[in-house]
Number of protein chains: 2
Amino acid sequence: MFSKATEYALRATIFIAQKGTEEKKLSIEEIAKAIDSPKSFTAKILQALTKDNHIISSVRGPNGGFYLTEKSKQLPVRIILQAMGDEEVLEKCVLGLKQCSELQPCPMHSQYKSIRKQLKELFVTKSIKQFASEIKDGVIFINNS
Amino acid sequence: MFSKATEYALRATIFIAQKGTEEKKLSIEEIAKAIDSPKSFTAKILQALTKDNHIISSVRGPNGGFYLTEKSKQLPVRIILQAMGDEEVLEKCVLGLKQCSELQPCPMHSQYKSIRKQLKELFVTKSIKQFASEIKDGVIFINNS
DNA sequence: ATAAATAAAGACAAAACTATCTTTAATTAT
DNA sequence: ATAATTAAAGATAGTTTTGTCTTTATTTAT
Ligand code: FES
Ligand code: FES
């Protein structure tokens, strides 16, 4: 469904939203361990989400690390897909036709479109915060290494 | 959702099922043109679906080409994903956890599982033939170059 | 000021994916 | 038999993805 990079981005962002605060930031070390992802690769991903997109906030130096502002937590999870350049799946033809339309539907279109719509709905209507709070509420995991 | 190779495999197989017969086989040339895919790459893919999996039938030489037996046409489309080694998406955790389970659910699990179930249902319950006949029935396209 | 801690930036490498081209084998038509 | 046609097989190459390592910049604590 998504690239490894996007999977790590989603896991990391949700984890940071749940555990990090401006007072107690999370280091790349902690994050990579928590979500079971390669540290340097994850660093690159967080860098992108910080620099270009301001989805994640970061501070360098001692007691530095990553956290999310309240505003960021309220963004739809789709924003992460967007930042990672991996939201194509929410729009694209399941058979890879250059465009998906009612005018030129592929053989699977009529059956597939409702599934894709639900998927899009999930990423558009639910915020980062909502999934972060899932972890808090119940017995929910962000890794299972 | 799927790799390019799998997209081509799905399009090609559905197209061959609709247009090819044992009497009038389809050449790789025709197929690649019809589904708008790179010829040699598509050849490799059809080769795999022919050799290892016997989903597609082929004959070499003049008037040779590809077609599907009636039996093959009745296989679920999932068989193509299986042959391409690309059916992970039907089972896998949306966040990429090593396993998806009710016992160790990720933060998106409860919302995502029904979507994935519908996707799997689509590929398991519908046959190649059913999608091939979509092309025949209405105004349905297998390319839109 | 200096040292320590931490993210940012950049260079590099391995693996997977996508694609092309050439040669070989099989089949058919003449 | 021979030539023509077609898929099979194999070699190769480009691109993208995934991942690691090193150096630099920034911030904090002493
Ligand atoms: S055209 Fe294929 S999903 Fe719409
Ligand atoms: S654990 Fe993530 S979808 Fe089930």
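We name chains A, B, ... by the order of the sequence lines, and we start the count at 1 in each one. Note that this is a predicted model, so its numbers are computed, not measured.
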Enquirer: Using the ring-ring contact (aromatic ring centres under 6.0 Å, His included) rule, collect all pairs that involve residues 35-65 of chain B, keeping only residues at least two apart or in two chains.
Expert: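 Every ring-ring contact (aromatic ring centres under 6.0 Å, His included) pair that includes a residue of residues 35-65 of chain B, provided the two are not neighbours, is B:Y8-B:F41.
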Enquirer: Would you tell me if any nitrogen or oxygen in the side chain of A:S58 comes within less than 4.0 Å of OP1 or OP2 on C:dA8?
Expert: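 True: A:S58 side-chain N/O within range (under 4.0 Å) of C:dA8 OP1/OP2.
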Enquirer: Inspect the surroundings of CD in B:E29 and state if more than 12 heavy atoms from other residues, nucleotides or ligands are less than 6.0 Å away.
Expert: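 No, the 6.0 Å shell around CD holds no more than 12 heavy atoms from other groups.
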Enquirer: Pairs in or reaching into residues 8-21 of chain A: which pass salt bridge (Lys or Arg N to Asp or Glu O under 4.0 Å), with residues at least two apart or in two chains?
Expert: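 Checked against salt bridge (Lys or Arg N to Asp or Glu O under 4.0 Å) - neighbours excluded - no pair reaches residues 8-21 of chain A.
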Enquirer: I want to verify a distance call: between D:dG19, C:dT18, C:dA7, whose nearest atom is closest to the B:S3 side chain?
Expert: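 Closest nucleotide to the B:S3 side chain: C:dT18.
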Enquirer: Using distance only, find each side-chain donor-acceptor pair of residues 56-64 of chain A under 3.5 Å and give its atom names and separation, not counting sequence neighbours.
Expert:
none

Enquirer: With a 4.0 Å cut-off on heavy atoms, is B:L26 in touch with a base, just the backbone sugar-phosphate, or nothing at all?
Expert: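 It contacts sugar-phosphate atoms only.
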Enquirer: B:E29 has an atom CD; how far is it from atom P of D:dA7, in whole Å?
Expert: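 It is 9 Å, rounded to the nearest whole Å.
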Enquirer: Using a heavy-atom cut-off of under 4.0 Å over every strand shown, decide if B:A5 touches base, sugar-phosphate, or nothing.
Expert: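 Sugar-phosphate contact only - B:A5 comes under 4.0 Å of backbone atoms but never of a base.
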Enquirer: Using the rule that Ile, Leu, Val, Met, Phe, Trp and Tyr join whenever any side-chain heavy atoms are under 4.5 Å apart, tell me whether B:Y67 and B:L46 fall into a single cluster.
Expert: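 No.
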Enquirer: Counting only side-chain heavy atoms from C-beta out, which of C:dA19, D:dA7, C:dA8 sits nearest to B:Y8?
Expert: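 The closest nucleotide is C:dA19.
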Enquirer: Could you tell me, to 10°, how much the axis swings from one end of the helix from C:dA1-D:dT30 to C:dT30-D:dA1 to the other, five pairs per end?
Expert: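 Angle reported: 0°, given to the nearest ten degrees.
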Enquirer: Could you encode protein contacts along nucleotides 20-30 of chain D as a string, one character per nucleotide from 5' to 3', using B for base contact, S for sugar-phosphate-only contact and - for no contact, with a heavy-atom cut-off of under 4.0 Å?
Expert: BB---BBBBS-
Enquirer: From NZ of A:K25 over to P of C:dA7, roughly how many Å is that when rounded to an integer?
Expert: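 After rounding, the gap between these two atoms is 10 Å.
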Enquirer: Does the separation of the ring centres of A:F2 and A:F123 fall below 6.0 angstrom?
Expert: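 Judged by ring-centre distance (under 6.0 Å), A:F2 and A:F123 do meet the cut-off.
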Enquirer: Which residue pairs pass the salt bridge (Lys or Arg N to Asp or Glu O under 4.0 Å) test when at least one of the two sits in residues 106-131 of chain B, sequence neighbours left out?
Expert: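 Sorted result for residues 106-131 of chain B: B:E70-B:K129, B:E91-B:K120, B:E102-B:K113.
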Enquirer: Mind checking the CD-OG spacing from B:E30 to B:S27? Nearest 0.5 Å is all I need.
Expert: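 Answer for the CD-OG pair, B:E30 versus B:S27, is 4.0 Å.
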